[in-house]
Number of protein chains: 2
Amino acid sequence: MKVLIVEDDALHRSYLNEAVRTALPECDAVLESENGRLGEIEARKLRAEFIVMDLQMSERNGIEAARTIWRERPDTKILFWSNYSDEAYVRGVSRIVPEGATYGYVLKSTSEERLKLALRSVFLESQCVIDREVRGIQQKGMGSGHGLSDAEYEILVDVALGLTDKTIASRKKLSLRTVQNRLQQLYEKLEVYQETGDDESRYNLRTRAVAVALMRRVLNASAVERAERDLQDDAD
Amino acid sequence: MKVLIVEDDALHRSYLNEAVRTALPECDAVLESENGRLGEIEARKLRAEFIVMDLQMSERNGIEAARTIWRERPDTKILFWSNYSDEAYVRGVSRIVPEGATYGYVLKSTSEERLKLALRSVFLESQCVIDREVRGIQQKGMGSGHGLSDAEYEILVDVALGLTDKTIASRKKLSLRTVQNRLQQLYEKLEVYQETGDDESRYNLRTRAVAVALMRRVLNASAVERAERDLQDDAD
DNA sequence: CAATGATCTGCGGGTTCCCGCAGGACAAGC
DNA sequence: GCTTGTCCTGCGGGAACCCGCAGATCATTG
């Protein structure tokens with residue numbers, strides 16, 4: 001049994017290494033990579049079955065790395081180990097996990113016990129382990145209150161990329177008006193409106209929505225980057 | 001001599017603690033806070049002269065904490081200790097450092113030696129120490145090539161907040177047309193234009209500029225948050 | 001002084017956005 | 001069947017945007 005660690009912070013890397021060794025005595029090799037790009041290569045070379053991986057790394061972040069790894073072998077078990085439970089990351093992860101794959105998502109702030117437990121649960125028992133806090137974020141998506149539906153999130157990303165309504169319409173095969181309707185929904189969900197209708201201090205709703213999404217951590221730079229690549233890709 | 005550590009990651013916190021104790025044997029107390037808000041309170045209570053502090057923390061980030069601390073006692077010596085050298089952070093820091101204050105900016109990836117050296121230089125010799133990599137980013141601002149001037153950065157932030165041209169004009173006491181001119185400059189610097197002028201795949205320049213700035217790390221969520229607070233403040 | 005350049009400002013137009021109103025498609029329920 | 005609800009679509013107008021053209025200010029330089 002071999003475990004691959006993908007993490008760019010040296011301190012956390014050695015901490016993880018130690019945790020893996022003590023939590024999984026049946027493991028006979030622990031490999032390390034220090035960013036997503038190297039992680040992918042190592043995983044391919046190793047045919048790794050068990051990976052624990054950071055999100056937010058410099059070269060290529062965890063989500064992108066995980067996506068290509070899972071594309072090659074969907075049965076790989078991956079434990080994500082992240083600083084934050086931002087909606088953008090949580091959404092990003094659950095968007096790429098293949099049908100029936102087992103994975104975990106634990107925060108770096110959780111205790112060593114919980115981490116070790118998660119390692120055993122995910123790797124040995126093929127059980128998905130998601131931190132309570134992360135779970136909360138995940139469900140906001142469906143909950144009636146605020147929290148964006150998939151359609152709304154999609155359009156948010158397109159807008160954040162800087163596309164026009166018309167472009168979005170043709171990409172998504174929708175009428176212009178439909179796109180604008182969805183934008184309207186999005187504005188409501190994000191509670192974006194013209195503010196003091198007076199004469200001053202108005203907003204450009206489109207960019208304001210992006211700002212609010214950023215501040216609420218619904219969106220972040222790496223989500224935009226991922227969308228950008230997808231855009232370049234299907235530009236053929 | 002007392003040193004205050006403000007850092008939300010437990011591992012890094014204890015690593016820092018150790019580094020401070022060995023690098024500064026003349027130091028007789030090392031205190032710790034685990035986010036910006038608590039750090040401010042602790043600094044005030046302690047009348048701390050020496051602080052080493054993380055940027056990107058949950059409750060209140062390092063830049064905001066440093067700003068209030070420096071407002072109360074501008075002679076406080078602060079060593080920033082950050083994961084990234086994003087332009088947004090570098091700019092954020094140099095924007096708040098008071099006249100003649102001494103500070104440092106080192107990356108978490110630098111060696112233990114360099115860290116200890118920086119601790120001694122900043123705290124004992126009142127010498128500013130800025131990592132080479134960070135320095136590079138800092139100078140891009142003035143360098144002829146790309147890299148935004150202050151005027152351009154200012155307008156970028158206002159746009160990213162979601163303000164209208166007109167609103168920006170009245171806030172900055174400029175004519176509408178001037179604001180639009182600066183936007184034009186900004187678009188050029190960010191290399192943002194309509195792309196394939198054909199019929200498809202056009203951009204909304206305004207939001208596209210924000211997207212590009214995000215991807216180039218000129219802007220990030222906390223920069224937007226800071227701007228948002230400033231906006232609320234001078235709304236009187 | 002004249003000349004050059006950078007910056008601010010106004011005008012005018014074409015385009016895009018924001019959004020109310022209104023009609024059509026389709027499903028669920030009394 | 002009729003109603004109610006949700007979603008997509010078109011029309012039209014007012015506002016905001018992008019931007020070329022042009023005049024005005026101000027600093028620098030030969």
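Quantities reported herein were computed from a predicted structural model and do not represent experimental measurements.
Set against C:dG20, D:dC17, C:dT16, the side chain of A:R177 has C:dG20 as its closest nucleotide. Comparing D:dC19, C:dG20, C:dC17 against the side chain of A:D165 picks out C:dC17 as the nearest. Closest approach to the A:Q194 side chain among D:dG20, C:dT16, C:dC18 is made by C:dC18 (side chain taken as heavy atoms from C-beta onward).
Between the CG atom of B:D131 and the CD1 atom of B:I137 there is a distance of 11.5 Å, given to the nearest 0.5 Å.
Summarising the geometry, the separation between CG on B:N181 and P on D:dC21 is reported as 14 Å, rounded to the nearest angstrom. Rounded to whole angstrom, the span from the NZ atom of B:K172 across to the C1' atom of C:dT7 amounts to 16 Å. Protein atom CD of A:Q180 is 12 Å distant from nucleotide atom P of C:dG20, rounded to whole Å. Between the C1' atom of D:dC17 and the CD1 atom of B:I155 lies a distance of 13 Å, rounded to the nearest Å. Counting to the nearest Å, the P atom of D:dC18 and the CG atom of B:L190 are 13 Å from each other. Following rounding to the nearest Å, A:Y193 (OH) and D:dA16 (C1') show an atom-to-atom distance of 21 Å. To the nearest angstrom, P of D:dC17 lies 10 Å from CG of B:L163. Per the geometry, CG belonging to B:L174 stands 13 Å off P belonging to C:dT7, to the nearest Å.
The shortest distance between side-chain heavy atoms of B:V179 and B:K172 does not fall below 4.5 Å. A heavy-atom distance below 4.5 Å is found between the side chains of B:K108 and B:E7.
Without hydrogens or angle criteria, B:R91 side chain to B:V218 main chain gives no donor-acceptor distance under 3.5 Å.
Residue B:L183 is in sugar-phosphate contact alone, with no base atom involved, counting any heavy-atom pair closer than 4.0 Å across all strands shown.
Each of B:N204 and B:R182 lies near DNA chain C, and the nucleotide nearest B:R182 is the one positioned closer to the 5' end. Both B:T178 and A:L205 sit near DNA chain C, but only B:T178 has its closest nucleotide nearer the 5' end.
Salt bridge annotation for A:D230-A:R95: absent, with no cationic side-chain nitrogen under 4.0 angstrom from a carboxylate oxygen.
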